[in-house]
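The next block holds one structure in the form of structure tokens; read it before the comments.
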2 protein chains.
Amino acid sequence: MRGTIIYAPGDIRSEELPDPTLTAGTDAIIRTVATCVCGSDLWPYRGIEPVEAPQSMGHEYVGIVEEVGNQVTSITPGQFVVGSFATSDNTCPNCRNGYHSACVDGEFLTTCQAEYIRIPHADGTLVATDGHPDPSQIPSLLAVSDVMGTGWYAAIAAEVRAGSTVVVVGDGAVGLCGVIAARELGAERIIAMSRHTDRQKLATTFGATDIVTERGDDGVARIHDITNGIGADSVLECVGTRESVTQALRAARPGGNVGLVGIPQAVQLSGEELVSSHTGLRGGPAPVRRFLPDLIDRVLHERIDPGQVFDLTVPLADVSEGYRAMDERRAIKTLLQP
Amino acid sequence: MRGTIIYAPGDIRSEELPDPTLTAGTDAIIRTVATCVCGSDLWPYRGIEPVEAPQSMGHEYVGIVEEVGNQVTSITPGQFVVGSFATSDNTCPNCRNGYHSACVDGEFLTTCQAEYIRIPHADGTLVATDGHPDPSQIPSLLAVSDVMGTGWYAAIAAEVRAGSTVVVVGDGAVGLCGVIAARELGAERIIAMSRHTDRQKLATTFGATDIVTERGDDGVARIHDITNGIGADSVLECVGTRESVTQALRAARPGGNVGLVGIPQAVQLSGEELVSSHTGLRGGPAPVRRFLPDLIDRVLHERIDPGQVFDLTVPLADVSEGYRAMDERRAIKTLLQP
């Protein structure tokens with residue numbers, strides 16, 4: 001089958017790889033209907049994360065079940081399925097607590113930019129739709145498998161409620177999906193921090209009520225202007241740099257909440273600033289599986305359309321162009337078509 | 001009147017000072033019935049915090065109202081009152097959000113180890129009891145003004161719920177009051193981390209079900225043993241060192257919560273560890289005023305008896321002995337009797 005391997009920063013290739021096979025009774029093999037390139041895939045591509053050996057790439061997917069192991073009971077061949085980038089048994093204490101991305105039996109998938117994918121713990125990881133969705137809904141269902149699920153978690157972690165004032169730091173696909181989540185959760189004011197016209201437009205389409213183009217201290221000052229000097233109830237931090245995390249903390253009001261889903265690379269936070277801010281903080285790799293049934297339902301009932309974050313679609317064979325377009329900011333997010 | 005001034009680390013003196021006077025229409029003057037020495041008072045005493053000039057000390061108090069300014073409407077002379085170490089107008093957005101210790105008009109009191117105290121924003125800061133309490137209840141009402149209110153906030157910030165497994169890091173007065181709070185909020189298991197026999201005993205009296213004497217990695221390993229490898233639902237961090245904060249984060253389960261009321265002195269937290277832990281974090285100077293009516297009620301109805309943390313009482317004039325006893329760990333907490 002066709003799969004994707006990164007060899008070095010900037011060197012990503014579409015290659016013929018062996019088809020995956022069942023390795024445990026709880027596995028499923030799915031035929032990929034759509035996959036995509038994640039912002040985090042750009043870290044090794046840009047050399048921010050080392051590439052020590054050639055490695056397979058991709059962790060977002062929707063597909064049709066081809067084959068299941070003999071212990072799989074709820075997932076059956078022929079079903080259309082959406083899964084999270086993190087596998088989960090859906091039965092361990094962490095899963096029962098809603099933190100499927102900390103499943104004691106879980107792992108993070110890394111082979112999904114491919115024609116076929118082996119999914120461990122298929123019963124706990126995959127959610128099947130009733131029948132096959134309309135092709136127009138595929139991009140949104142694909143978004144649900146990571147960026148929409150992550151944006152949703154950011155809003156949940158930041159405790160967005162009806163009437164909240166929400167700031168979204170980061171205008172990548174996750175931040176844009178965070179705007180959708182804030183709107184769905186009833187936020188009254190949604191302030192998107194963005195300097196890119198195309199992303200500002202999409203943020204507004206998704207429900208942003210204000211756009212702030214300033215960053216850092218100036219950005220924080222603008223948020224304080226807008227919120228009568230108090231700060232926002234909820235801040236969704238969807239970048240993960242020291243600057244963006246600091247900006248997020250300072251934009252929140254005392255007693256407000258920051259959802260941290262930008263994965264900080266070696267960021268140190270001042271305990272003193274954190275504590276004196278009275279701000280609640282929660283983050284981490286999103287437990288997308290917790291939200292899948294609800295988010296799939298919202299997509300199928302056309303309440304949300306996060307698939308709009310895909311502004312470029314290329315054949316899976318052209319994966320290198322998909323990465324390049326995102327790296328050069330010509331695309332927000334690239335959908336790969338097997 | 002008699003008051004307390006620190007001149008240098010280790011040099012704390014009881015002195016004759018001018019009586020405080022009303023400086024704003026919203027002030028009250030109270031005659032102190034009891035005050036005490038806080039763990040945080042030991043920072044300048046121990047030289048951990050610089051003493052750049054002689055400064056007055058003390059921020060915990062109960063008293064009788066002597067005089068009120070012409071804008072004070074709800075507090076009247078003769079009332080017995082309990083107040084927070086942080087003054088608050090109780091009307092600004094931060095107060096309305098429950099974060100009185102971030103009141104836009106607030107300040108932190110520093111003159112309370114004295115016979116009389118000026119209380120700004122008396123209406124918003126003080127809570128009067130119905131009639132005068134029994135003398136036996138004074139220590140517990142005094143505890144409510146800081147350590148019990150702070151222990152309570154730690155438990156609220158750590159989202160302790162009925163049935164929770166709770167770890168309390170720190171066996172000072174705040175940690176011990178955190179045990180009381182966890183019990184009152186319905187925790188099923190309360191694990192106190194303590195190495196001092198007298199404090200272990202008090203923790204058990206207050207409701208601790210388990211005592212863990214190990215610290216650091218060993219302490220975390222014991223918590224994981226006790227919680228089937230998952231970690232605790234809630235951790236109350238009542239120390240504020242890098243070690244204790246790290247220990248608290250690692251003792252919490254994925255999706256658990258840490259209440260951070262030990263005020264970290266220049267502690268840097270790893271954003272990566274924080275985020276990957278999925279742990280919720282909230283802390284800061286406790287908004288004690290939010291909890292005062294409820295906590296006073298629990299004391300007066302003898303549901304809680306946090307006054308037991310005072311294991312030494314000295315006359316206000318002997319304040320230096322009060323500090324010394326706490327510094328040398330001969331006392332958990334010293335009550336000062338004017």
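All values below come from the heavy atoms of this structure, side chains included, with hydrogens, waters and symmetry mates left out. Chain letters run A, B, ... following the sequence lines, proteins first and then strands; every chain starts at 1. None of the values given here were measured: they were computed from a predicted structure.
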N/O donor-acceptor pair under 3.5 Å between A:Arg253 side chain and B:Asn94 backbone: no
Residue part contacting chain A, namely of B:Val104, when any heavy atom lies under 4.5 Å: side chain
Best-contacting candidate, A:Ala102, A:Ala286, A:Gly255, A:Pro287, against chain B by heavy atom pairs under 4.5 angstrom: A:Gly255
Contacting region of B:Ser277 [heavy-atom separation from chain A under 4.5 Å]: neither
Nearest-0.5 Å distance that lies between atom CZ in A:Arg96 and atom CD1 in B:Ile230: 8.5 Å
Chain B contacts, top residue of A:Ala157, A:Ser276, A:Gly98, A:Ser101 (heavy-atom pairs, under 4.5 Å): A:Ser101
Closest-packed option against chain A by number of heavy-atom pairs under 4.5 Å, given B:Val261, B:Val258, B:Asn97: B:Asn97
Approximate separation, where rounding is to 0.5 Å, of A:Thr279 OG1 and B:Arg282 CZ: 7.5 Å
Smallest separation among heavy atoms of B:His278 and A:Pro285, with atom names: NE2-O, 2.6 Å
Neighbour count above 12 (heavy atom, 6.0 Å) for A:Asp294 CG: yes
Selection from A:Pro93, A:Gly284, A:Ser270 maximising heavy-atom pairs under 4.5 Å formed with chain B: A:Gly284
Which atoms of A:Glu237 approach chain B - backbone, side chain, both or neither, heavy atom under 4.5 Å: neither
A:Glu188 CD: over 12 foreign heavy atoms closer than 6.0 Å: no
